[in-house]
Amino acid sequence: MSETTERSMHFIEQIIDEDLKSGKHQTIVTRFPPEPNGYLHIGHAKSICLNFGLAKQFGGKTNLRFDDTNPVKEDVSYVNSILADVKWLGFEWDSEPLYTSDYFETLYGFAVKLIKKGLAYVDDQSAEVIATQKGTPTEPGVNSPYRDRSIEENLELFSQMREGKFAEGSRILRAKIDMGHSNMHMRDPFLYRIKFATHHRTGDAWCIYPMYDFAHGQSDSLEEITHSLCTLEFEVHRPLYNWLIEHLEIYPSRQIEFARLNLNYTIMSKRKLLKLVEDNVVDGWDDPRMPTISGLRRRGYTPESIVNFCDRVGIAKRNNVIDVSLLEFSVREHLNKIAPRVMGVLHPVKLVINNYPEGKTEMLPTINNPEDESMGSREIPFGREIWIEESDFMKESPGKKYFRLAPGTTVRLKSAYIVTCTGFEENEKGEVTTVFCDYFENSKSGSDVSGIKSKGVIHWVECENAVDGEVRLYDRLFNDEAPDGQKDKDFMEFLNPDSLQVLTHCKLEPSLANATVGQGFQFQRLGYFSVDSKLSTPGKPVFNRTVTLKDGWKKG
RNA sequence: UGUCCUAUGGUGUAAUGGCAACACACCUGGUUUUGGUCCAGGCAUUCAAGGUUCGAGUCCUUGUAGGACAACCA
């Protein structure tokens with residue numbers, strides 16, 4: 001019997017394992033290469049866990065490299081959020097963060113080398129004209145009339161491109177490969193384009209910028225990345241990736257593709273997430289409903305739960321859609337172990353105990369976490385008037401399987417006494433305003449000698465010492481399983497109008513007044529909640545519901 | 001009418017030619033001062049058809065289905 005239940009290796013682990021065993025590599029180097037044009041989301045978390053996890057597992061290192069070759073879309077604010085998110089997830093990159101923009105001079109040299117080998121040329125045509133010559137996936141393209149310029153002329157033209165002698169879009173550097181290639185990416189792909197834009201790091205030093213295909217793989221090589229992991233859509237780029245390595249005669253990094261993460265009821269496109277932010281559909285990139293790492297953090301997810309989720313999701317090459325319930329399971333699993341149990345009433349209704357002495361308050365001990373004895377206990381006030389959940393009382397009991405309060409029924413007040421409902425008051429609208437009960441003095445939690453059995457247990461908060469609080473309940477942002485998967489409908493049409501519910505008159509137990517940002521609690525019988533980092537003020541916490549408790553209540 | 005990738009329960013991932021496993025979801029039942037947790041059980045003969053083999057989810061062939069690829073984006 002082995003004490004470690006070995007998980008079998010996924011295909012990338014197997015490749016690395018073989019490379020190490022065969023001696024191809026002594027150690028591995030991976031990288032996480034985000035473009036700083038948006039916030040990281042749960043899909044990126046999968047890639048982060050993969051790359052950093054592999055290095056940790058096989059004893060290698062991981063570079064964090066910003067793929068910043070498109071100055072018009074990128075920004076330092078994104079750089080900072082990405083840095084914070086990776087750190088928060090618990091990963092450490094090797095030395096300092098790296099930037100593709102730091103390689104611009106080297107990359108320029110690579111382009112010159114290609115020109116000198118007769119493998120790149122400057123094309124004077126417009127994007128539109130080039131597009132018509134490109135052919136289609138089923139038809140070959142035709143050569144550009146500028147394809148056979150002399151090496152000297154190409155060198156001169158490319159140099160002038162760098163000097164800013166030409167207008168944007170008027171000229172472009174292309175690799176000379178094969179316009180008839182069955183792979184579109186091999187039909188003389190673009191290497192360098194002219195762009196008079198200020199770059200967030202290099203400022204106005206450059207007016208030409210390398211394309212992804214002439215930057216990403218080359219950066220991998222320069223950093224001697226052994227295994228360059230990317231998502232499936234780059235599969236068709238691999239022949240070009242390898243062609244450039246071969247002809248540039250640089251370090252042969254190996255690109256391996258895996259399937260990206262998809263979650264149902266959510267969108268993962270940075271462009272679409274940006275639209276939600278720009279249209280103020282959400283509170284920002286870190287809105288608790290966003291699938292961004294910062295959104296999940298604000299919602300109350302723990303890094304551990306996200307890492308576990310990514311682990312459970314697996315690595316393979318087939319397209320997949322993960323059920324959000326798996327993500328929810330992962331947070332519940334972690335929070336169940338670490339979150340202190342507290343009581344809070346979201347929709348308060350007053351309950352008066354007829355036979356409890358007026359003006360009396362007693363402190364009752366209650367356990368902080370039944371899953372973890374070391375978390376100890378605390379005392380909560382109890383008195384004649386308490387708040388209970390509106391949904392825990394019904395004017396008439398619906399039947400045998402109803403364990404809550406109704407006239408004549410008996411329930412245990414969690415950590416306190418057993419009470420029997422004697423009656424209630426309602427207003428002219430038929431809404432219950434007060435519930436009346438008798439309590440059994442000898443049924444006190446921990447020293448119950450009443451002999452009364454009560455199937456139902458409800459949570460409560462004593463009125464006099466209750467803290468008024470705001471609680472925000474979140475639901476899925478979209479009502480459709482695949483909001484961006486419909487042909488004729490825009491994803492915005494599937495927005496869930498009830499994705500946010502703000503409750504401003506909640507009654508919380510006194511200890512919650514001092515709750516601080518980042519703390520996660522289980523509001524008993526309701527779910528897990530955490531203090532909002534943006535809306536809370538000292539002494540006045542605003543709580544976000546991270547996730548409800550699993551509801552196993554079957555009616556009937 | 002091209003090239004490449006993929007096909008195992010409702011979902012995702014295993015099984016590396018030898019009794020289809022694990023997790024989530026769902027359904028039963030038990031425990032419980034949270035209708036939570038926990039515990040026990042249930043839920044697929046692997047896209048199709050041929051072939052190789054003592055033996056095929058796995059190898060071969062041919063289909064079928066899904067996905068990717070024609071931004072001066074990454």
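Numbers restart at 1 for each chain; the letters A, B, ... are given by sequence-line order, proteins then strands.
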**Report entry** Short N-O contact, A:D17 and A:K21, less than 4.0 angstrom
**Finding:** yes
Query raised in the report: Quick one: do A:E168 and A:K195 make a salt bridge, cutoff under 4.0 Å?
Result: no
Query raised in the report: Looking for any heavy atom pair under 4.0 Å, which part of the strands does A:E328 touch: base, sugar-phosphate only, or nothing?
Result: nothing
Requested in this report: Determine the contact category for A:E371: base if any of its heavy atoms lies under 4.0 Å from a base atom, sugar-phosphate if only primed atoms, P, OP1 or OP2 are that close, otherwise nothing.
Outcome: base
Query - Atom P, compared across B:U64 and B:U1: separation rounded to whole Å - result: 13 Å
Query - Residue whose nearest RNA chain B nucleotide is more 5′ - A:T138 or A:Y402 - result: A:T138
Query raised in the report: NA contact type, A:K455, heavy-atom cut-off 4.0 Å: base, sugar-phosphate, or nothing?
Result: base
Report summary line: The correct list of stems in which RNA chain B takes part (3 or more consecutive Watson-Crick or G-U pairs, distances under 3.5 Å) is B:2-7 with B:64-69, B:10-13 with B:21-24, B:26-30 with B:38-42, B:47-51 with B:59-63
Query raised in the report: So what does A:H185 touch, heavy atoms closer than 4.0 Å: a base, only the sugar-phosphate, or nothing?
Result: sugar-phosphate
Query raised in the report: Any cation-pi pair here, A:R404 with A:W553, using under 6.0 Å and within 45°?
Result: yes
Report task. Establish, yes or no, whether a centroid distance under 6.0 Å links the rings of A:Y301 and A:H334. Result -> no
Report summary line: The residue, A:N319 or A:P137, whose nearest nucleotide of RNA chain B is more 5′ is A:P137
Requested in this report: Determine the contact category for A:R187: base if any of its heavy atoms lies under 4.0 Å from a base atom, sugar-phosphate if only primed atoms, P, OP1 or OP2 are that close, otherwise nothing.
Outcome: nothing
Requested in this report: Classify the nucleic acid contact of A:R312 as base, sugar-phosphate or nothing, counting any heavy atom under 4.0 Å across all strands shown.
Outcome: sugar-phosphate
**Report entry** Sugar-phosphate only, base, or nothing, as touched by A:N37 at under 4.0 Å among non-hydrogen atoms
**Finding:** nothing
Report task. Kindly state whether the ring of A:F66 and the ring of A:Y99 have centres lying under 6.0 angstrom apart. Result -> yes
Query raised in the report: Does the distance from a Lys or Arg side-chain N to an Asp or Glu carboxylate O, for A:K176 and A:D188, drop under 4.0 Å?
Result: no
Requested in this report: Select base, sugar-phosphate, or nothing to describe what A:V321 touches, counting heavy atoms under 4.0 Å on all strands.
Outcome: sugar-phosphate
Query raised in the report: How is A:I172 classified with respect to the nucleic acid when contacts are heavy atoms under 4.0 Å: base, sugar-phosphate, or nothing?
Result: base
Report task. Could you check whether A:P370 gets within reach of a base, just the sugar-phosphate, or nothing at all, counting any heavy atom under 4.0 Å? Result -> base
Report task. Assign A:N336 to base, sugar-phosphate, or nothing according to its heavy-atom contacts below 4.0 angstrom with the strands shown. Result -> base
Query raised in the report: Which part of the nucleic acid, if any, lies within reach of A:G169 when heavy atoms closer than 4.0 Å are counted: base, sugar-phosphate only, or nothing?
Result: base
Report summary line: The first and last nucleotides of RNA chain B lying within contact of chain A, meaning any atom under 4.0 Å from one of its heavy atoms, run from B:G2 to B:A74
Query raised in the report: Which pair of non-hydrogen atoms, one from A:F190 and one from A:M211, has the smallest distance, and what is that distance?
Result: O-CG, 3.4 Å
Report task. Can you spot which of A:Y121, A:F104, A:Y212, A:F158 makes a ring pair (Phe, Tyr, Trp, His ring centres under 6.0 Å) with A:Y192? Result -> A:F158
Report task. Decide salt bridge (Lys or Arg N to Asp or Glu O under 4.0 Å) for A:E235 and A:K317; before the verdict, give the C-alpha distance in whole Å, the side-chain angles of both, and the deciding distance to 0.1 Å. Result -> CA-CA 11 Å; A:E235 214 153 24; A:K317 293 192 76 164; 3.0 Å; yes
Requested in this report: Decide if atom NZ of A:K275 counts as having more than 12 heavy atoms of other residues, nucleotides or ligands within a radius under 6.0 Å.
Outcome: no
